Amino acid sequence: MTATPPATAPAPGDGLVRAGAVLFIIGAVATLVTVAPLFLRTEPFPTVAYMVSMLMGVGFMVAAAGVLRSIAAQRRQAGSAR
């Protein structure tokens, strides 16, 4: 029987990174969907579809904010350990 390691609490910024990843994936799928009519020679999608594809950039920024928040928390923790 193997012992399972104790669960660790999520670090600051983990939620932002996960949310950013979800937004990025939604935006990436929307980008693929909006570009498809160009190759299939069909009618382009409405403007709203192109706006949804902008979630890719928003997701990237949210994830980057989560990474920066995690870095700041680790620096504070390292500074208080001294």
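Since the structure is predicted, the reported quantities are computational estimates derived from the model, not experimental observations.
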Checklist entry - If you measure from CG on L23 to CZ on F60, what distance do you get to the nearest 0.5 Å? => result 13.5 Å
Partners meeting side chain to side chain contact (heavy atoms under 4.5 Å, CB included) with [X] (sequence neighbours left out):
| X | value |
| --- | --- |
| A64 | none |
| A63 | none |
| P10 | D14 |
| A28 | M56 |

If Ile, Leu, Val, Met, Phe, Trp and Tyr residues are connected whenever their side-chain heavy atoms lie under 4.5 Å apart, and connections chain through other members, are [X] and [Y] in the same group?
| X | Y | result |
| --- | --- | --- |
| L55 | L16 | yes |
| V62 | V22 | yes |
| V52 | I25 | no |

Next on the checklist: Under a 3.5 Å distance rule, please check whether S53 uses its side chain to pair with a backbone N or O of Y50 as donor and acceptor.
Outcome noted: yes
Checklist entry - Does the T34 side chain pair with the main chain of A30, one donor and one acceptor, at a distance under 3.5 Å? => result yes
Next on the checklist: Please determine whether side chain to side chain contact (heavy atoms under 4.5 Å, CB included) holds for the pair I71 and R75, giving the CA-CA distance in whole Å, both sets of side-chain angles, and the decisive distance to 0.1 Å.
Outcome noted: CA-CA 6 Å; I71 290 170; R75 284 188 176 183; 4.1 Å; yes
Checklist entry - How does the hydrophobic cluster around M54 look, that is, which other residues are in it when side-chain heavy atoms under 4.5 Å mark a link? => result none
Item to check | Hydrophobic cluster (4.5 angstrom, side-chain heavy atoms) - remaining members for V35 | outcome: L38, F39
